[in-house]
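Structure first, then comments.
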Amino acid sequence: MNVVARVRAQIRELVAEAINQARFAGEVTLSRDVSPDEISVERPKDRAHGDWATNAALVLSREARTAPRMLAEAAARHLNLSGTLVERAEVAGPGFINFFLRDEWLIETLRAILAAGPDYGKSRAGEGRRVLVEFVSANPTGPLNVVNARHAAVGDVLSNILMWAGYRVDREFYVNDAGNQVRMLGAAMDVRIRQLLGEDARLPEGAYAGEYLIDVAREFLREHGTAGRPAGPPPWEPAAPANEANSSAPTTKDGERDGAGPASWRTDPEYEAWLSRLARFAVEKFVERQREVLRRYRVEYDRWYFESEIRAAGGPEQVVRRLSDAGHTYRDGGALWLASTRFGDDKDRVLVKADGEYTYVVPDIAYHVNKLERGYDLLIDLLGRDHYGYHVRLKAALSALGFDPQALEVLYLHMVHLVRGGEEVRMSKRRGEIVDMAEFLDEVSVDAARYFFVMRSIDSEMEFDLDLANLKTSDNPVYYVQYAHARLCSLFRQAQESGLDAAGGTLSEAPLERLASEPERDLLRKLAEFPDEVELAALRREPHRMTRYAHEVASAFHVFYTRCRVLGEEAGLTAARLALCAATRQVLANVLGILGIDAPEQM
RNA sequence: GCGCCUAUAGCUCAGGGGACAGAGCGCCGGCCUCCGGAGCCGGGUGCGGAGGUUCGAAUCCUCCUAGGCGCACCA
């Protein structure tokens, strides 16, 4: 247990014990003993209120029918501080008890940091539970965009945080390389190829309009030519030479095309085979590019799981059978439904459409079952806010299959608004105006992108200011933190040049009690919080705590460094301050590591 | 229409029952004979509105207002 956690536990016990003693002495009228668990101990915002404070007296005053202030004073009289890290306690305000620690705890923390080094901040909070974090999972029908970049940063950093907190973590990317959309992809490819060949071809309704497909179509032509392409018209065009007005599909009374998807296409196995070949080619290309840009972004997955795999393994059939066997499905209107309302969903969901196709959720259920069967205790999915509510369906299905729905946790990330020159850059997939992630990374450094995306809490709609992130000089929060690290490295280079022994082991022997000024103590206190912060970030799934913490450490350091001279002071003081600097550099390196951001030795 | 999320400083965002509400950007003014001025110090304004619960509410509850997102035999 780290020093902070130990102190907190100690204070809890002290307070509970003191209240019980006061009760025993007849100074407090409580009908029961108080246990340490119900004592809340927190860090006061104002340092004048000590290192720690408890509101126990406020909370218990009603039950004890005593004024909070009096209750606090009675408890304070019975505090037995001997043998603890608490130096003194005082009652303040409406009835808080404030605790002031002995300096030893800071010194102990500093030694602990130097001893643990790159491991400082790790904990066992996760108890070795196996977690699978699935994130991005973009469709293989185009390049990744800026929203995917947010997901990638958050998912990756969250995974790191969980690892630090003692979970066993794997990262996974689920590729939807099957079903309708892939067929639509093949169709769009076919049209692009025709257009490249100078033929007259129009995209079928609902097809991918993005021009990025043209390049892929060109690659296909270069590598494979048109060999194997059926002679007739594609299945979304009329079989006979068209002489009807202008529609290739029946229209509804609203004038919208009916059956916008492939369900309304002519049956043409030969052409379908061709489309499927085109689709496979495109999927492969896109997945390859996605993998590439993510690698550039420093995100590496343990596994890319393909929907086609789970389909080939018969996953969807099994899911449907098991759900049916369990009596949770029924037929209606030619479709097979899951009675998900029995498990908290607000309506039942279609599993198998009237045309015999699975809905999206079936292979996805199979995939999640597969994850659980691979031995993961916890599944975390990162989804876009536009999928909100999907977890209810998925959890319902898992419950129906006899799994604990609590094993699945779905986090929804909000939107990203790109801003350039004070104006929002519009991102519309339908109009094909995707803000490509690779192009985005040409403009913004990976460090800045990751930092900015993680900086915001996941359920806040965020604005990404390209101009700010682009600033390679100042005013950029990323550089503020990195600069602190570089500055420290520079300091140690100079220490070495002047022959000082700045090794960790030697440093912890320094007279650390000399670190007595406010900037020094503030910095140390901040460093002491690290394990707590990591643990909180993990348990609450709040990666943005890490960027905030990194900034706070950098700030505390810059203050210290401005006010306290390190080199050239009296030997003992220099050694002590070097120890503090070494610890700071270590913490910065660790937190930057979690963020997947470079910790530069010079800038 | 129903459901969920959001509303905090001029702007972008933290804080999610505690003691005077924070940071960055922007603006104004200071600080280098010396370890990196990509730094430090100082200066101003704010919890969308109205009720309620509580010793105590930015935080919890209700209503209202304004945004966003869902409510597919799409993925």
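Nothing here was measured: the structure is a model prediction, and the numbers come from that model. Just so we're on the same page: letters track the sequence lines, and every chain starts at 1.
A parallel orientation is assigned to the rings of A/F173 and A/W304, their planes being inclined by less than 30° (bins at 30° and 60°).
By the 5.5 angstrom centroid cut-off and the 30-degree plane limit, A/Y388 is classified as not stacked against the base of B/C4. Remark: ring of A/F96 overlaps the six-membered base ring of B/A19 in a stacked fashion, centroids less than 5.5 Å apart, planes less than 30° apart. Stacking annotation: A/H551 is not stacked on the base of B/A14 (requires ring centroids less than 5.5 angstrom apart and an interplanar angle below 30 degrees).
Going from the P atom of B/G18 to that of B/C60 covers 11 Å, rounded to whole Å. Spacing between B/G68 and B/G26 at atom P, rounded to whole Å, works out to 29 Å. Rounded to whole Å, the C1' atom of B/C27 lies 12 Å from the corresponding atom of B/C11. Atom C1' of B/C32 sits at a distance of 10 Å from the matching atom of B/G39, rounded to the whole Å. Across B/A19 and B/U62, the matching P atoms stand 25 Å from one another, rounded to whole Å. Of the P atoms belonging to B/G16 and B/G3, the separation is 28 Å, rounded to the nearest Å. A gap of 38 Å separates the C1' atoms of B/A38 and B/C5, to the nearest Å. Atom P of B/A21 sits at a distance of 27 Å from the matching atom of B/C28, rounded to the whole Å.
Counting heavy atoms from C-beta outward, A/F286 and A/V175 have side chains that stay 4.5 Å or more apart. Within the 4.5 Å cutoff, the side chain of A/V591 has heavy atoms near those of the A/F530 side chain.
Residue A/Y412 is classed as having no contact, given no heavy-atom separation below 4.0 Å to the nucleic acid. At a threshold of 4.0 angstrom between heavy atoms, the contacts of A/H544 are confined to the sugar-phosphate backbone, with no base atom among them. Across all strands shown, A/C581 has no heavy atoms under 4.0 Å from either base or sugar-phosphate atoms. No engagement by A/E552 is indicated, since no non-hydrogen atom pair under 4.0 Å with the nucleic acid exists. Using a 4.0 Å heavy-atom criterion, one finds that A/M462 contacts the sugar-phosphate atoms exclusively. Using a 4.0 Å heavy-atom distance criterion, A/H558 is classed as a sugar-phosphate-only contact. Using a 4.0 Å heavy-atom criterion, one finds that A/R540 contacts the sugar-phosphate atoms exclusively. Counting any heavy atom pair closer than 4.0 Å across all strands shown, A/G179 reaches no nucleic acid atom. Counting any heavy atom pair closer than 4.0 Å across all strands shown, A/D345 reaches no nucleic acid atom. A/V559 comes within contact range of the sugar-phosphate backbone alone, with a heavy-atom separation under 4.0 Å but no base atom that close. Among the heavy atoms of the strands lying under 4.0 Å from A/A486 is at least one base atom, whether or not backbone atoms are also near.
A/D364 and A/Y390 share a side-chain donor-acceptor pair at under 3.5 Å. Side-chain contact check for A/E172 and A/Y367: at least one donor-acceptor pair (N or O, by modelled atom type) lies under 3.5 Å. Defined by atom type and a distance below 3.5 Å, a donor-acceptor pair is missing between the side-chain atoms of A/H558 and A/Y483.
RNA chain B is contacted by A/A53, A/N55, A/L58, A/V59, A/R62 of residues 52-68 of chain A, taking any non-hydrogen atom closer than 4.0 Å.
Remark: P of B/C69 and NE2 of A/H387 are 14 Å apart, rounded to the nearest angstrom. Whole-Å rounding puts the A/K45 NZ to B/U59 P distance at 13 Å. B/C73 atom P lies 14 Å from atom CG of A/N180, rounded to whole Å. Atom NE2 in A/H391 sits roughly 11 Å away from atom P in B/C4 (whole-Å rounding). We find that CZ of A/R565 is positioned 12 Å from P of B/U33, with the value rounded to whole Å. Distance NE2 (A/H49) to P (B/A19): 9 Å, rounded to an integer number of Å. As rounded to whole Å, 9 Å separates atom C1' of B/A72 from atom CZ of A/R349. Across the protein-nucleic acid pair, A/R548 atom CZ and B/G16 atom C1' stand 12 Å apart, rounded to whole Å.
A residue-by-residue look at A/H414 and A/V350 shows that A/H414 has its nearest nucleotide of RNA chain B further toward the 5' end. Residues A/R545 and A/Q494 both approach RNA chain B. Their nearest nucleotides, taken by heavy-atom distance, put A/R545 toward the 5′ side.
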Starting at the 5' end of RNA chain B, what dot-bracket string do you get if Watson-Crick and G-U pairs under 3.5 Å are bracketed, crossing pairs use [ ], other-strand pairs use | and unpaired bases use dots? (((((((..((((....[...)))).(((((.......)))))....(((((..]....))))))))))))....

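Not a single donor-acceptor pair, N or O on each side, falls under 3.5 Å between the base of B/A75 and the side chain of A/D386. At a cut-off of 3.5 angstrom, the base of B/C4 holds at least one donor-acceptor pair with the side chain of A/R385.
Proximity of A/T562 to the phosphate of B/C40: no side-chain N or O atom is located under 4.0 Å from OP1 or OP2. Residue A/S460 places at least one side-chain N or O closer than 4.0 Å to OP1 or OP2 of B/A14. One finds no side-chain N or O of A/H417 lying less than 4.0 angstrom from the OP1 or OP2 phosphate oxygen of B/G68. For the pair A/K347 and B/G3, the criterion of a side-chain N or O lying under 4.0 Å from OP1 or OP2 is not met.
With hydrogens and angles disregarded, a donor-acceptor distance shorter than 3.5 Å links the side chain of A/D177 to the backbone of A/E307. Judged by distance alone, the side chain of A/T329 and the main-chain N or O of A/W337 form no donor-acceptor pair under 3.5 Å. At distances below 3.5 Å, not a single donor-acceptor pair connects side-chain atoms of A/N145 with backbone N or O atoms of A/V435. When atom types are taken as modelled, the side chain of A/T359 and the backbone of A/V350 share a donor-acceptor pair closer than 3.5 angstrom.
Listed by chain and residue number, nothing satisfies the ring-ring contact (aromatic ring centres under 6.0 Å, His included) test with A/F306 (two or more places apart in sequence, or in another chain).
By the neighbour-count criterion of 12 heavy atoms within 6.0 Å, atom CE of A/M603 is densely surrounded, having more than that number from other residues, nucleotides or ligands.
In this structure B/C32 sits in the syn conformation; its chi angle is within 90° of 0.
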Applying side-chain hydrogen bond (donor to acceptor under 3.5 Å, both in side chains), run through A/N180 and A/E357 and close with a yes or a no. CA-CA 9 Å; A/N180 253 343; A/E357 290 286 324; 5.9 Å; no

